[in-house]
*Asks:* 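The structure follows.
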Amino acid sequence: MGYVDADILNAEMTNTVVLTFKLALVTSVLLLIMVMPLAWYLANWQHKAKSLVLSVLALPLVLPPTVLGFYLLIAFSPQGGLGQWWLALTGSSLVFSFQGLVLGSLVYSLPFALQPLYSGFVQLDKRYLEVSRSLGFSRLESFFRIVLPLCKAPIMVAFGLSFAHTVGEFGVVLMIGGNIPAETQVLSIALYEQVEALEYERAHVMSLGLLVFSFAVLALLYRFNDGNTRFDGGATRVNGASTKGQERQR
Amino acid sequence: MNFSFEVMFPNRIQGRVELDSSSNFIGITGPSGAGKSSLLRCIAGFEKDTLTQANWGNVSPKIGVVFQQPLLFPHLDVKGNLQIATRHASEHAISIDEAVKGCRCEHLLSKPIATLSGGEAQRVAIARALINGPHILLLDESFSAIDAVTRRHIYTFLRQLCAASQLKCFMVSHDIDELLLLSDEMIYICDGKVEAVGNVDAVISTMLEGGAIHTPSAILTGVVECSADVALESYAEEGFDTTTRKTINPAKNTVNKSAIGLGNLNQSAVHQVIVSGQRLYVSPTSFLAAKFNECKSNQADNNEIGDTFSACGEVRVAIKASEVSIDTNTAVTTENSTSSILNSLSCVIEDIAHFDNRESGRVLLNLRIVNSEGTTEIEQQALYAVVSSLSASRLKLGKNMPVIARFKLL
């Protein structure tokens, strides 16, 4: 690795890195804003169809990215419903654009943001809300003043996972974004291109960079999560209280 | 005007409760799983799909809740938890200072929630609810981890608040003695139904008849005259000969130290309470002021809450039936007894009941306390005693028989 040329970190590479992190940041922030109310609603929703809805929302976890990318490509194309609407609205195509990448990433990374938030909200003792309501707080006030601070850990995990997952996205990006430098070429696509061109030195640098980044994000999330898993207000030491609370939760 | 509520929570609790408007402290008891907590949750409006109709006399009262699990917000410290309760506090809400003093958590203000013990967290949770200024406070076993002395202090504080403001407390507890002592009225719940509502005597009778309790406690109402040490000091000043036997002179609030052997007692911890004209010796932790309205001005002057029993006059004392023994020699009273048992009350046996299980070998005596001469009390107070069947037959106990009920310092 010591003989890596200085031109590896050229403008193209910089653009790719910036684009990748820009896509990840926009996607994660948008996901957090969109998924938080969805996760809260699902956590409090009791219906027979709930498992079905959760399964649909978790599909991107198990679906081959190319399958998802294929359907998104059809939807985003100027002949597709969404693509047609986008074209009429903005005058530009959704396919092979940064906006298209963001939309695709939102779908692809959705379960990575949804699952931690949903689990966090489900595990939260709902009696905190009952207490806050009894203290005169509105539902919205309770959510912002009580729920969000208590669910700090799942929120951070949701953000971190969706960010890291978007950085490593490949299949969907390739299908709907192609490989346009400075526009849709993200790190994983650039890496694939380098391997195709037998540029293993550059491929090494990119792979190692992504490896270190992914590891660092996960290590940080685990460390943060470990320190913030207390949801009981320090009160489970009251004999029998936790058991009673758990019974009520059911 | 009375206040009432009716709840219909399928498979949990149903029933109608009507309570006297003057009742400020309502005790709720019953076996585990009977529906006590469900009743509170219905009152609080936490349970959906239930039919709860309430008439509080007030249009929409603010209802505060304290669960057994304190549920303090862990992202805030103690002070933060208390301050957050002031955001939507009622006009009549008490200040943080008053609440922390009354709930004895002044020293906890800067502590993180995670460092609190169970009892400390419960005290803070009660203070938080009070700071919000509820009209109705629901306490669901909220004192379970608090030590007895602190608990008694907070009870007194709560009753004072009830007397001073519009606050009404509903308290769920398995400790029937404490509920008897505290409650103006009680609710007994069994198998998801409200079985009995009303004054404590009526509810205890129902529980006794239903076999829910076997050794009932009696609540005696009396008047604190002065602490025993005050009386003893007055005798010390008069230079009593310790060998002299003297009888109590209620009119002068004096007692013969040598006659009843109080010399070795922790005198400062003993109060004299006059019940039906007869004198009892009670520790301050064993009684609660029955009425606070009368002593409010006195407390305001002292700026003290909870430690003004003597000034408050009327107090309640709970006496377990199992702690009462019977003496048929009515000539031997506290003053001339050679027994270490300090308290004695002249009574008449009203009824003798055998327990369902006759093999238990015990009987329950229903006693009526005899009003001593000169008392203005019209109603006669009741006392229970559990004695062995053997003792009952040996002493030939029968209805309308005068006896002395004895029990140790309360």
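Reminder, nothing fancy here: chain letters follow the sequence lines and each chain counts from 1.
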*Asks:* Do other residues, nucleotides or ligands put more than 12 heavy atoms under 6.0 Å from B/Lys79 NZ?
*Replies:* no

*Asks:* Check whether B/Ile84 gets within reach of chain A through its side chain, its backbone, both or neither, counting any heavy atom under 4.5 Å.
*Replies:* both

*Asks:* Would you name the heavy atoms of B/Leu71 and A/Arg127 that are closest together and state the gap between them?
*Replies:* CD1-CB, 3.3 Å

*Asks:* Got a sec: does the CG of B/Asp147 have more than 12 other heavy atoms crowding it under 6.0 Å?
*Replies:* yes

*Asks:* If you draw a 6.0 Å radius around CZ in B/Arg16, do more than 12 non-hydrogen atoms from other residues or ligands fall strictly inside?
*Replies:* yes

*Asks:* Quick check for you: to the nearest 0.5 Å, what is the distance between B/Phe73 atom CZ and A/Leu150 atom CG?
*Replies:* 7.5 Å

*Asks:* How close do A/Leu135 and B/His88 get, counting heavy atoms only, and between which atoms?
*Replies:* O-CB, 3.4 Å

*Asks:* Measure from the side-chain N and O atoms of B/His75 to the backbone N and O of A/Cys151, and report whether any donor-acceptor pair falls under 3.5 Å.
*Replies:* no

*Asks:* Ignoring hydrogens, what is the shortest heavy-atom contact between A/Gly136 and B/Asn132? Give both atom names and the distance.
*Replies:* N-OD1, 4.4 Å

*Asks:* Just wondering, are more than 12 heavy atoms of other shown residues or ligands nearer than 6.0 Å to OH in A/Tyr71?
*Replies:* no

*Asks:* Which heavy-atom pair separates A/Val131 from B/Phe67 by the least distance, and what is that distance?
*Replies:* CG2-CE1, 3.8 Å

*Asks:* Within this structure, what is the CG-CZ distance for the pair B/Leu76 and A/Arg145, rounded to the nearest 0.5 Å?
*Replies:* 9.5 Å

*Asks:* What part of B/Arg87 gets closer than 4.5 Å to chain A, counting heavy atoms only: side chain, backbone, both or neither?
*Replies:* side chain

*Asks:* Take atom CG in B/Asp177; do more than 12 heavy atoms of anything else shown fall under 6.0 Å from it?
*Replies:* yes

*Asks:* Taking atom NZ as the centre, does A/Lys50 end up with more than 12 heavy-atom neighbours from other residues, nucleotides or ligands that are less than 6.0 angstrom away?
*Replies:* yes

